[in-house]
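Below you'll find the structure, written out as structure tokens, and then a few comments.
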Amino acid sequence: KQEVTQIPAALSVPEGENLVLNCSFTDSAIYNLQWFRQDPGKGLTSLLLIQSSQREQTSGRLNASLDKSSGRSTLYIAASQPGDSATYLCAVPNSGNTPLVFGKGTRLSVIA
Amino acid sequence: DGGITQSPKYLFRKEGQNVTLSCEQNLNHDAMYWYRQDPGQGLRLIYYSQIVNDFQKGDIAEGYSVSREKKESFPLTVTSAQKNPTAFYLCASSPDATVNYGYTFGSGTRLTVV
């Protein structure tokens, strides 16, 4: 059964720093990986979806990479802002294209 | 605007009561999902449906029931058999159950036992 681990569990950085969030998964036979953002008490907002054939995806200041062979993905946030403060979750299918399995998330605080 | 609507936003359940959480989507998505989130925890899958009139159990289905009579709707009933129902419930949908083109989530329902 797929297991997803996110490190660190929490992170606090000053505004303007570049930062990296890590996600690892145990079953590398995945078709894709999706990164989400969750604000307190809210639903999830999709940030990036990386297909297994891709090595990375970019959206604005966000860049996500995927290394299937090592079972790892990273989310890079450039020039962090206080508005980036949220919990970031990564998710992969349990196997193939079955429903997503989620990590516990990284809670990010960007201090002005 | 297309999206997923969950209602109510807050729900209070008395001991021994069944309650139903609503999830409606106008995205024309085939697949729909229910997840449960507890404080400091990741999301755990309760049930999912790949097509109308069909659904499968997830990892924590005990004490829950669902129906999928219409493509747009996937209500979740929390029964009295669910001993610890206090949690944040999230509904999601995706265009296709066999290929992940990305999940869209609703804004959630917070259920509290009183």
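These numbers come from the heavy atoms of this one structure, side chains and all, not from hydrogens, waters or symmetry mates.
The neighbour count for B:Arg13 CZ, taken as heavy atoms of other residues, nucleotides or ligands under 6.0 Å away, is above 12. By the 6.0 Å contact criterion, CD1 on B:Ile51 is open, its count of non-hydrogen atoms from other residues, nucleotides or ligands being 12 or less. The 12-atom threshold is exceeded at NZ of A:Lys68, counting heavy atoms of other residues, nucleotides or ligands nearer than 6.0 Å. Counting non-hydrogen atoms of other residues, nucleotides and ligands closer than 6.0 Å to NZ of A:Lys104 gives a total of 12 or fewer. The 12-atom threshold is not exceeded at CD of B:Glu62, counting heavy atoms of other residues, nucleotides or ligands nearer than 6.0 Å. Other residues, nucleotides and ligands contribute more than 12 heavy atoms inside 6.0 Å of the CZ atom of A:Arg61.
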Check against side-chain contact (heavy atoms from CB on, under 4.5 Å), B:Asp59 and A:Val101: CA-CA 10 Å; B:Asp59 300 319; A:Val101 175; 5.6 Å; no
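Residues A:Phe102 and B:Tyr35 place their aromatic rings such that the two centres sit under 6.0 Å apart.
Neither the backbone nor the side chain of B:Asp96 has a heavy atom closer than 4.5 Å to any heavy atom of chain A. Looking at A:Gln6, neither its backbone nor its side chain comes within 4.5 Å of chain B, counting heavy atoms on both sides. For B:Leu90, the part lying near chain A is the side chain, with the backbone staying farther off; criterion is any non-hydrogen pair under 4.5 Å. If you measure heavy-atom distances from A:Leu49 to chain B, the contacts under 4.5 Å come from the side chain alone.
Heavy-atom pairs under 4.5 Å with chain B peak, among A:Gln51, A:Gln38, A:Lys1, at A:Gln38. Between chain A and the residues B:Arg110, B:Gln37, B:Lys9, the largest count of heavy-atom pairs under 4.5 Å involves B:Gln37.
A distance of 4.0 Å separates OH of B:Tyr103 from CG of A:Leu100, quoted to the nearest 0.5 Å. To the nearest 0.5 Å, atom CG of residue B:Leu43 and atom CG of residue A:Leu44 are 5.5 Å apart.
Taking hydrophobic clusters as Ile, Leu, Val, Met, Phe, Trp and Tyr residues chained together by side-chain heavy-atom distances below 4.5 Å, A:Leu47 shares a cluster with A:Phe25.
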